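All values derive from a computational prediction rather than experimental measurement.
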Amino acid sequence: MTSDLELVDMLDEVWTSMETIGAGLTEEQWKTGTECPGWTVQDNLVHITALEAMSIGKNLPVAELPDDLPHVKNDFGRTNEQWIESRRSWSGADALAEFHAVTRERIAGLRALDDAGFGADSWTPQGPGTVRTLLPFRIFDSWVHEQDMRGAVDRPGDLDSAAARFSTEMMLEVLPYVIGKKVGAPDGSTVVLALTGPIATTTAVGVTDGRARALDTVPEMPTVTVSLASDAYARLACGRRDPDEALVTGVVAIEGDVELGGALVRQLNYMF
């Protein structure tokens, strides 16, 4: 089990990586669109700033938002979008300076917590929780948006770090839901997802009595094996890449039941 301080270390790591990217960007690059719908490189960074600023008690800026924002899915998203909108006129350098100040304050506060502090009440994306249960979501969210930033400015990296591995494991934990509920794989099916690197790992799921469950071992003759790189998997699972394009361009390899494998690739996105 990951310790509280290991979670904080991963947050520190991914935020430092985001700062490193930002330090070398031109203003044009800051304003470049990303695979995250509706957001520029700068918007992705400000999104992280906004959530962490709210976590340390800073007041939310008031900004007028257009009524039609297709990338905003709920009230929480509109609240977060106000912070982003309020910073859209800022330079990238100013946005980065605010990110640095907020995340350093957040890390210092987290490192000062004792066991009771990590167990204190907190919001989480899944409802009321604790600081301890919030941190995995913050690692995942930060790493995904770091990858959005990197992809837009063609600066790949941070694909095999502790935060990358932790985030990938979080996505793989959802695989039984995807296979059982979204794909509707038939009883008796065994589905293997093989990530070939930079994070190399294999996950097997079996369907019995209408329920999909992770298997302890990989079957010798699965119904289908879907293979792809771990970063390509992350982009598909987070809705950043068109699955049909991934299928026809060779990003994904399918061995066995091609129809079932294709259905899995098309349903990997569980974020929206």
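Side-chain contact between Arg211 and Pro176 is absent, with no heavy atoms from C-beta onward closer than 4.5 Å. In this structure the side chain of Ser91 never reaches within 4.5 angstrom of the side chain of Trp30, judged on heavy atoms. Taking 4.5 Å as the limit, every side-chain heavy atom of Leu236 sits out of range of all side-chain heavy atoms of Arg240. Taking the side chain as every heavy atom from C-beta outward, Leu135 and Leu110 approach each other to under 4.5 Å. Looking at heavy atoms from C-beta onward, Leu113 lies out of side-chain contact with Val8 at the 4.5 angstrom threshold.
Using cut-offs of 30° and 60° on the angle between ring planes, the pair Phe99 and Trp15 is perpendicular.
Although no hydrogens or angles enter the test, the distance criterion places no donor-acceptor pair under 3.5 Å between the side chain of Thr133 and the main chain of Gly129. Remark: the backbone N or O of Pro186 is paired with a side-chain donor or acceptor of Ser189 at under 3.5 angstrom. A distance-only check finds a donor-acceptor pair linking the side chain of Gln42 to the backbone of Arg87 [under 3.5 Å]. No donor-acceptor pair closer than 3.5 Å links the side chain of Arg266 to the backbone N or O of Pro243. A donor-acceptor pair under 3.5 Å is absent between the side-chain atoms of Asp154 and the main chain of Arg150, judged by distance alone. Judged purely by atom type and a 3.5 angstrom limit, Tyr233 uses its side chain to pair as donor or acceptor with the backbone of Met171. Of the possible polar contacts, none joining the Glu35 side chain to the Ala152 backbone as a donor-acceptor pair under 3.5 Å is found. Remark: the backbone N or O of Leu159 is not paired with any side-chain donor or acceptor of Trp143 at under 3.5 angstrom. Looking only at distances, a side-chain donor or acceptor of Thr223 sits under 3.5 Å from a matching main-chain atom of Thr190. Of the possible donor and acceptor atoms, none in the side chain of Glu85 sits under 3.5 Å from a partner among the backbone N and O of Gln82.
Note that OG1 of Thr225 and CG of Leu193 are 9.5 Å apart. Values are rounded to the nearest 0.5 Å. Distance check, rounded to the nearest 0.5 Å: CD1 of Ile254 to CG of Leu247 gives 5.5 Å. With rounding to the nearest 0.5 angstrom, the CD atom of Glu19 is 8.5 Å from the CG atom of Leu45. The OG atom of Ser55 lies 6.0 Å from the CG atom of Leu134; values are rounded to the nearest 0.5 Å. We find the CG-CD distance between Asn44 and Gln147 to be 11.0 Å, quoted to the nearest 0.5 Å. Interatomic distance, Glu169 CD to Thr203 OG1, rounded to the nearest 0.5 Å: 9.5 Å.
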Might you work through the salt bridge (Lys or Arg N to Asp or Glu O under 4.0 Å) test for Asp231 and Arg241, ending with a clear yes or no?
-> CA-CA 11 Å; Asp231 53 321; Arg241 182 162 196 162; over 6 Å; no

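In summary, the side chains of His47 and Asp43 do not present any donor paired with an acceptor at a separation below 3.5 Å, with no hydrogens or angles considered. Under the 3.5 Å distance criterion, with hydrogens and angles disregarded, a donor-acceptor pair is assigned to the side chains of Glu146 and Ser17.
Salt-bridge annotation for Arg138 and Glu52: present, with a side-chain N of the basic residue lying under 4.0 Å from a carboxylate O of the acidic one. A salt bridge is absent between Asp148 and Arg235; no separation between the charged side-chain nitrogens and carboxylate oxygens falls under 4.0 Å. Salt-bridge check for Arg88 with Glu81: passed, with a basic side-chain N closer than 4.0 Å to an acidic carboxylate O.
Shown here is Asn59, whose CG atom has no more than 12 heavy atoms of other residues, nucleotides or ligands within 6.0 Å. For CD of Glu255, the number of neighbouring non-hydrogen atoms (other residues, nucleotides, ligands) closer than 6.0 Å is 12 at most. By the neighbour-count criterion of 12 heavy atoms within 6.0 Å, atom CD of Glu27 is densely surrounded, having more than that number from other residues, nucleotides or ligands.
In terms of heavy-atom proximity, Gly206 sits nearest to Leu215 at N-CG, 3.5 Å.
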